[in-house]
K.L.:
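Before we start, here is the structure in question, set down as structure tokens.
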Amino acid sequence: MTHPFLDLAPLTAAHFASIERRVAALLSTEQDVVITQGEALLPLEGCIRSGARPGSTALNVVTGPYGQTFGDWLRDCGATVVDLAVPFHTAVTAAQVEGALAEHPEIDFVSLVHAEAATGNTNPVAEIGEVVRAHGALFYLDAVASIGAEPVLPDAWGVDMCIIGAQKAMGGPAGVSVVSVSERAWERFAANPRAPRRSYLSLLDWKERWIDGGRRALPHAPAQLEMLALEACLERIEAEGLDALMARHAAAAAATRAGALALGGGLEPYVYEAADAAPVATTLRSPAGVDASELVARALAVDPSLPLIAGGGALAKEMIRVNHYGAAANRDVVRSSLEALGTALDATGRTADPRAALRAVTEVWA
Ligand SMILES: *Cc1c(COP(=O)(O)O)cnc(C)c1O
């Protein structure tokens, strides 16, 4: 018997290329767009291994856990790494990046995470792009958690490698990801004898076998289900409008922040300044003496479908993440999440005001 997931017509090269063009439009980019057949960690690692080598010096901006991972990969490639770490409750500034570049003129690679779903902050990429451009370094950007939630403009910002995944604000599949690659980045990859080739991590393979060949023959069998899911996700975004999708995420973040402040009970936004808070997800600090993972467990007991999770690793005790992205960038989801957190706070002996929280959500969302 036939099955809708199994008995599909082959995905043609032309179809694959048309999905690539739709992603390029989403990014407003003229750069080459490569769809990579795996979760976003694949192009994130592939770009670093292609662009970094012994003798290079990389500025690695750390505003959350992904920045730490990128630093490890860069060191593993033999690059000298200058870490610029800022506290997770804030964002990095262009002036800090400029200062680091001035102190280390040999820097030829800059890695930055745009928004961090894991810590709830977002960085001013347009301004940072200007100073990176002026310095001349290659600019690597992890935009997995920002695409769909806030503007991501690799061409306007001078980003040389912009990596996105569909599984956050785009509300799409996790099994395929995308990177836009500038001409400068291709040149750097080609000049790097250590850049992966004939490897799953290789971007040069895609250039030589797919792009330079006129996108006529796929180098290997495409991840067909994920590609169709990506196409469906792009169609849905085009129907809603990218601006409307971003506005929905901005509203969810602003409403969650205002609602948490009105809820009280000792709950506070984790990111101090609203301007530094990411539209994709809002992080909250649990009240002193209240374990965040316990609070989340109590809130999920009210409704297990809520997009609540405690922070990862050492943050599990103090951070609550409200992952209001994709379909969860929705007023009812934000309201229910705050109500459940109110119930959880009550159970720990705090006094929360869920009605004030709901009023704040209504005001901010309108
Ligand atoms: C979510 C995310 C990724 C992708 O990682 P997964 O944990 O597999 O979803 C990469 N970078 C950032 C900044 C992210 O938020």
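Whatever order the structure lists them in is the order used to number ligands and atoms, beginning at 1.
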K.L.:
If you measure from the Lys or Arg side-chain nitrogens to the Asp or Glu carboxylate oxygens, is any gap between Arg49 and Asp76 under 4.0 Å?
P.N.:
yes
K.L.:
Going by the side chain to side chain donor-acceptor pair (under 3.5 Å) test, name the single residue among Glu116, His114, His89 that passes it with Thr63.
P.N.:
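Single pass found, and it is Glu116.
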K.L.:
Give a yes or no on whether Glu208 atom CD has more than 12 heavy-atom contacts from other residues, nucleotides or ligands under 6.0 Å away.
P.N.:
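Counting neighbours around CD of Glu208, more than 12 heavy atoms of other residues, nucleotides or ligands fall under 6.0 Å, so yes.
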K.L.:
Tabulation required: pairs of a nitrogen or oxygen in ligand 1 and a protein nitrogen or oxygen under 3.5 Å; columns are atom names and distance to 0.1 Å; otherwise 'none'.
P.N.:
| unit_1 | atom_1 | unit_2 | atom_2 | d |
| --- | --- | --- | --- | --- |
| ligand 1 | 5 (O) | Glu39 | OE2 | 3.0 |
| ligand 1 | 5 (O) | Tyr66 | OH | 2.9 |
| ligand 1 | 7 (O) | Tyr66 | OH | 2.8 |
| ligand 1 | 8 (O) | Glu39 | OE2 | 2.2 |
| ligand 1 | 9 (O) | Gln167 | NE2 | 3.2 |
| ligand 1 | 11 (N) | Asp142 | OD1 | 3.3 |
| ligand 1 | 11 (N) | Asp142 | OD2 | 2.6 |
| ligand 1 | 15 (O) | Lys168 | NZ | 2.8 |

K.L.:
Any carboxylate oxygen within less than 4.0 angstrom of a Lys/Arg side-chain nitrogen, looking at Asp291 and Arg298?
P.N.:
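Between Arg298 and Asp291 there is no salt bridge, as every charged N stays at least 4.0 Å from the carboxylate O atoms.
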K.L.:
Charged N to carboxylate O below 4.0 Å: is that the case for Arg197 and Asp205?
P.N.:
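Salt bridge absent between Arg197 and Asp205.
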K.L.:
Do Arg53 and Asp108 meet the salt-bridge criterion of a basic N to acidic O distance under 4.0 Å?
P.N.:
no
